[in-house]
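Working notes, structure below.
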Amino acid sequence: MASRACRVSNPSNEANRADTGNWSGTVNLSQAFRVTASSVDEVKAVLQEALQDRTRRPVRVVASGHSFTQLVCPEQPTAAALVGTAAPLTPPHSGTGTSLCLAPMDAIVMVPTSEGEVFVDVGPGVTLSQLTLALDNQGRALANLPSLTHVTLVGAIMTPTHGSGLGRRLLAAGVEELDVVVVRGTATPTTAMAEAPHSHRDVATVSSSPAVSVLTLSRTATPVQLSAALVSGGCCGVITRVRIETVPAYWVRVAVYQHVTFHTVVTQFAKLMALADSVSVLLDWERLEVHSLWLRDRTPKKAVDDDCVERWAAVSLPATLRCGLGGRLAGETIAAPGGACETGDMMRGSRVGSWYDSLPYFGPRDALTEIELQAEYFVALRHAGACLRALSRDARVRGRLAQTCRVTECRVVAADGVLLSPSYGEAAVAIHFTMANDAAGVSGLLAEVERVLLALPFAVQPHIGKLFHMSPANAGRLFQPRIHTVRRVAEVLDPHGIVQNSFLTSFLGHSPARL
């Protein structure tokens with residue numbers, strides 16, 4: 001066995017049990033072996049040890065801790081049968097296995113090409129906050145950002161993390177290539193390998209005995225395998241490098257409108273989403289009204305006159321929406337949703353600012369202090385109005401939403417070709433619920449939301465990193481038939497389930513050949 005330089009924390013050491021869970025407290029990692037790796041060799045050593053010692057399996061990477069489900073939770077392969085994802089909120093789910101921290105692997109390297117494109121190579125420990133500031137210093141930017149930048153880039157591309165915009169895809173859709181440490185062996189090459197016209201030989205060929213190796217998956221050489229590895233919860237191996245596309249840095253003009261009617265959102269949803277480069281809607285279920293409509297557009301340089309936002313918004317927002325159906329331009333600060341009028345909580349409103357500070361609600365310099373729970377469901381853009389109408393007309397759902405949900409945000413995600421993307425082949429709308437840290441209330445709410453949404457005559461898919469009430473197995477079935485290709489790739493790259501926990505194997509419908 002290779003020598004190991006990485007730092008290991010034994011769960012028996014009480015001094016190391018602090019802060020051993022995810023951000024929301026829904027997962028408790030105190031019983032896992034906690035390991036910090038600072039190089040690819042150290043990651044390989046961790047997987048090699050897991051290969052030889054069953055108690056170290058599975059190896060799950062814990063990044064910023066912003067996943068709410070059991071996705072990041074290591075546990076023994078013989079763990080008890082899973083229950084619904086929302087059910088284990090109390091007490092937090094715990095397990096053994098290895099919890100792997102890659103925070104020291106924080107390299108950021110610009111990669112210009114002869115064709116004029118500029119990519120960036122990013123280590124698994126780099127957060128979007130770190131990456132955005134580093135890119136901006138080089139005059140570059142990401143094409144899209146989520147609501148907050150405190151998550152790692154690798155964590156973001158392993159889940160369907162997104163911003164908003166008819167032309168804005170998942171962050172994962174911008175990945176050019178990635179390096180992944182895998183444990184392969186004693187498996188048979190599958191049809192998923194043959195589906196790629198330029199299959200990488202190192203991926204298609206499987207050794208007769210388990211071995212740890214590093215693979216590079218790319219758009220050009222291994223497109224099917226790369227697509228399967230993205231938004232897959234890390235089911236194929238440990239990601240140690242991501243190469244993602246960048247664009248020239250830009251400024252963003254933000255115009256926030258309030259007093260837009262709920263009826264407008266339901267009946268004109270697609271038109272609203274086309275009003276700007278990035279559009280999002282915050283809903284208040286207690287009052288059944290729109291808290292705010294956010295329009296974000298790009299501009300090549302910062303505007304200097306104070307009234308530029310108002311002049312731009314007046315042009316962007318149709319007169320029928322401004323006058324006939326409501327819609328008043330908000331100032332630079334507005335009351336935050338979720339009963340904030342009583343508490344005095346405020347959030348930034350209309351303004352002009354840098355891309356990294358204006359696309360998200362919480363940028364690199366904002367602190368996250370309040371613990372909350374989150375859930376998110378995706379539907380095709382053409383069905384968004386019907387979904388919102390169904391939720392609003394169900395009295396039981398309305399009551400639960402008013403009691404437990406602080407705010408619902410609707411965002412649009414452009415179509416892409418990532419196999420497990422909820423916007424695969426068609427633009428989708430993400431209906432996001434930010435909820436109070438109330439386990440029983442959230443479990444009841446999500447059961448009612450899913451009762452309504454899953455009864456609709458079109459596909460509804462959950463975000464695998466956020467809470468949902470159905471079992472992981474039932475969630476995986478909603479991604480058929482594409483999930484079959486992902487499972488076949490995982491069977492080759494991680495045939496023994498070294499990095500797959502029960503959540504992932506249930507979601508994929510995969511039974512690894514455990515050693």
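One is the number of the first residue; the rest follow in order along the sequence.
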Gap separating the [atom1] atom of [X] from the [atom2] atom of [Y], nearest 0.5 angstrom:
X      : Y      : atom1 : atom2 : answer
Leu420 : Ser227 : CG    : OG    : 8.0 Å
Glu376 : Phe378 : CD    : CZ    : 4.0 Å
Met470 : Leu446 : CE    : CG    : 9.5 Å
Asp438 : Ser443 : CG    : OG    : 10.0 Å
Leu504 : Arg60  : CG    : CZ    : 4.5 Å
Leu283 : Glu409 : CG    : CD    : 9.5 Å

Indicate yes or no for a side-chain donor-acceptor contact from [X] to the backbone of [Y] under 3.5 Å, with no hydrogens or angles considered.
X      : Y      : answer
Arg296 : Gly165 : no
Asn501 : Leu71  : yes
Arg253 : Ser350 : no
Thr152 : Ser64  : no
Arg482 : Leu419 : yes
Thr408 : Phe433 : no
Thr299 : Trp251 : no
Thr98  : Leu100 : no
Asp494 : Cys236 : no
Ser129 : Thr149 : yes

Do [X] and [Y] have side chains that approach each other closer than 4.5 Å (heavy atoms only, starting at C-beta)?
X      : Y      : value
Asp297 : Leu295 : no
His162 : Ser423 : no
Arg168 : Ser278 : no
Leu171 : Leu128 : yes
Val486 : Cys235 : yes
His383 : Leu456 : no
Val126 : Leu153 : no
Tyr361 : Leu282 : yes

Would you mind checking if [Y] and [X] are paired as a salt bridge, meaning a charged N to carboxylate O distance below 4.0 Å?
X      : Y      : result
Arg348 : Asp357 : yes
Arg169 : Asp416 : no
Glu491 : Arg488 : no
Glu448 : Arg400 : no

For this session: Evaluate the side chain to side chain contact (heavy atoms under 4.5 Å, CB included) criterion for residues Phe269 and Cys410: first the C-alpha distance (whole Å), next the side-chain angles of each, then the deciding distance (0.1 Å), finally the verdict.
Result: CA-CA 10 Å; Phe269 192 90; Cys410 298; 3.9 Å; yes
Problem set entry | CA sep, side-chain torsions, deciding dist, call: Ile334, His291, side chain to side chain contact (heavy atoms under 4.5 Å, CB included) | CA-CA 10 Å; Ile334 61 173; His291 170 272; 3.9 Å; yes
Least distance between heavy atoms, [X] atom then [Y] atom:
X      : Y      : result
His432 : Thr434 : NE2-OG1, 3.0 Å
Val281 : Val290 : CG1-CG1, 3.9 Å
Ser358 : Arg351 : CA-NH2, 3.6 Å
Ala141 : Leu135 : C-CD1, 4.1 Å
Pro422 : Pro160 : CD-CB, 3.6 Å
Gln500 : Thr505 : OE1-CG2, 3.7 Å

For this session: Return the orientation label for the Phe507 and Phe503 ring planes: parallel under 30°, perpendicular over 60°, tilted otherwise.
Result: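 Correct class here is parallel.
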For this session: Could you check whether the rings of Tyr250 and Trp355 sit parallel, tilted or perpendicular, using 30° and 60° as the cut-offs?
Result: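 Rings of Tyr250 and Trp355: tilted, 30 to 60°.
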For this session: Just do the side chain to side chain donor-acceptor pair (under 3.5 Å) check on Thr159 and Thr161 with the steps written out, would you?
Result: CA-CA 6 Å; Thr159 59; Thr161 304; 3.0 Å; yes
Problem set entry | Over 12 non-hydrogen atoms of neighbours within 6.0 angstrom of CD in Gln403 |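 Open: at most 12 neighbouring heavy atoms sit under 6.0 Å from CD of Gln403.
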For this session: Take Leu453 and Leu391, measure what side chain to side chain contact (heavy atoms under 4.5 Å, CB included) needs, and give me the verdict at the end.
Result: CA-CA 8 Å; Leu453 293 183; Leu391 292 172; 4.1 Å; yes
For this session: For the pair Glu426 and Leu381, evaluate side chain to side chain contact (heavy atoms under 4.5 Å, CB included) and give the outcome as yes or no after the intermediate values.
Result: CA-CA 8 Å; Glu426 182 177 5; Leu381 172 60; over 6 Å; no
For this session: Apply the side chain to side chain contact (heavy atoms under 4.5 Å, CB included) test between Val279 and each candidate in Leu293, Leu166, Val412; give the one that qualifies.
Result: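 Filter result, single survivor: Leu293.
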For this session: Mind checking side chain to side chain contact (heavy atoms under 4.5 Å, CB included) for Val266 and listing every partner two or more places apart, or none if nothing turns up?
Result: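 With sequence neighbours excluded, Val266 shows a side chain to side chain contact (heavy atoms under 4.5 Å, CB included) to Phe262, Leu388, Arg389, given in chain and number order.
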Exercise. Between Gln374 and Glu372, do the side chains contain an N or O donor and an N or O acceptor separated by less than 3.5 Å?
Worked result: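 Short answer, yes.
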